[in-house]
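Any value given below was found using the heavy atoms of this structure, including those in side chains, with hydrogens, waters and symmetry copies removed.
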Amino acid sequence: MRASVWRRGGRVLIVAVAAAVVAGVVPPTGFADPARAASPRSAVTEQSASELAAATGESVEVTGERTEYSTTEANPDGTFTLTQSTEPQRVRADGGSWQDIDVTLEKRSDGTVGPKAAVVGLSFSGGGRGSEMLRLGQDDRALTLGWPTDLPAPTLDGPTATYADTPVAGVDLQLTATAEGYHEVLVVRSAQAAASAELEKIKLTAVGDGLSVVPGEGGGLRAVDADGNAVFRGPAGLMWDSAGSETPGPQTQLLSAAGQEPQTAKAEGDDPVQPIEGDATAELPVTVGEGTVSVRPDLDLLRGQKTVYPVFIDPSVGLGVSEWTKLSSDGDKFWKFSEPKGVGRCGVADGYACSTGGYTDQMYFEFGPGKLAGKHVLDATFRAYETWSFNCTPYWVDLERTDNISEGTRSPYARRPPVRQVRS
């Protein structure tokens, strides 16, 4: 299932959910004991769940079909309901049971650091050899990225490991764990640090175990298996400055039409590794070499007279199980964003106006159809949680089926190609 979402002037939470009701035929057997559902060795099957649902008149989860992204329930009328999310909702523990996702980093006995509970195998360097900067794996396949020099011991803060003054004084390397992968950001804190030749090309070693590193769509990166399937993928790199934060006090993408003054602060929880409204940005295509990946930062943005520091440089990779993105008609895109983003027309409404002129945002979500193979779908529902809107007046939300999306997908309504956005 692929869907795009429109909304007039709203913010929508990332977790989108698709639910499908499918027909099912189950032969009669004995009833299942619901207490056994907690044990991975005695997971409830479609057959036993359907019979228990018919006997009790209540829906029963088919725990044997539970995944990180989906749940399946048997209904009393013999049908089943599949609920599938874009983001993982749980992770399987070593013993086979399920637990909540927790990307807080912790030190491990082998000297690395990694998240407590994620759907991928992820470890960051605990300091020392840069060739083992990070390892990202799934099943028996993995991708290892290496820094060209030794790394200092990191400072841990929640999901983020900070390697101070790397590669030079005044620049920090930050690795942030997510449920499906990581963000890698270089934080350039000053113009003096930005002048370093070390930042003119950022080059990492890339070694695949059961994977090959190849160019992705739109200047991105993919790690593919022997059949060419993308296991990990990431968009083109991105860099941005802090111009959106240079005005003292609260600010947002919306301005009062009467006073043209910012109204509210940056939303609490906005993604720290993505630009906000007003930041100057530049896209950085990833170059794939023999055992290496690299990006060249935009030097005009990195060292511009009007650049506001710190500057952030971010090439990222994530797990390709599900995909989503926000695309804007002004050329901006946010691949697999992790915090609420705007959707719909940002123009003039109820005394507010966009600070950079009107533009239209769309959100795209893609759901893998594997769980529906061989099923007859009776009904389907898409749900997204809206966190904020211009007003309380209800509007229709258009949900449209689209072509496949990828890390390189751009808005079909873009008024111009995405180019470097640097103030002169």
Participant: Any non-hydrogen side-chain atom of Phe365 less than 4.5 Å from a side-chain atom of Phe382?
Facilitator: yes
Participant: Taking the side chain as every heavy atom from C-beta outward, state whether Met239 and Val188 have any pair of such atoms under 4.5 Å apart.
Facilitator: no
Participant: Which pairs would a plain distance check flag for residues 199-214, meaning a side-chain donor or acceptor within less than 3.5 Å of a matching protein atom at least two apart in sequence or in another chain?
Facilitator:
unit_1: Glu200; atom_1: OE2; unit_2: Arg303; atom_2: NH1; d: 3.2
unit_1: Glu200; atom_1: OE2; unit_2: Arg303; atom_2: NH2; d: 3.1
unit_1: Thr205; atom_1: OG1; unit_2: Gly146; atom_2: N; d: 3.2

Participant: Holding to salt bridge (Lys or Arg N to Asp or Glu O under 4.0 Å), I want the full list of residues that pass it with Asp225, two or more places apart in sequence or in another chain.
Facilitator: Arg141
Participant: Using salt bridge (Lys or Arg N to Asp or Glu O under 4.0 Å) as the criterion, list what pairs up with Arg129, not counting sequence neighbours.
Facilitator: Glu132
Participant: Measuring only between side-chain heavy atoms, which start at C-beta, is Leu221 closer than 4.5 Å to Val288?
Facilitator: yes
Participant: Check whether any side-chain heavy atom of Phe312 lies under 4.5 Å from a side-chain heavy atom of Asp279, and answer yes or no.
Facilitator: no
Participant: List the steps, then state whether side chain to side chain donor-acceptor pair (under 3.5 Å) holds for Glu184 with Tyr182.
Facilitator: CA-CA 7 Å; Glu184 174 197 347; Tyr182 70 93; 4.6 Å; no
Participant: Show me the pairs that pass side-chain hydrogen bond (donor to acceptor under 3.5 Å, both in side chains) and involve residues 112-124, at least two apart or across chains.
Facilitator: Asp110-Thr112
Participant: Answer yes or no: are there more than 12 heavy-atom neighbours, outside Asn229 itself, under 6.0 Å from its atom CG?
Facilitator: yes
Participant: So, does Thr81 use its side chain to make a donor-acceptor pair with the main chain of Glu73 at under 3.5 Å?
Facilitator: no
Participant: Can you list the residues that meet the side chain to side chain donor-acceptor pair (under 3.5 Å) rule with Asp77, with sequence neighbours excluded?
Facilitator: Thr79
Participant: According to side chain to side chain contact (heavy atoms under 4.5 Å, CB included), who are the partners of Val113, at least two apart in sequence or on a separate chain?
Facilitator: Lys107, Phe124, Leu156
Participant: Is it true that Glu217 and Arg233 have a side-chain N and a carboxylate O under 4.0 angstrom from each other?
Facilitator: no
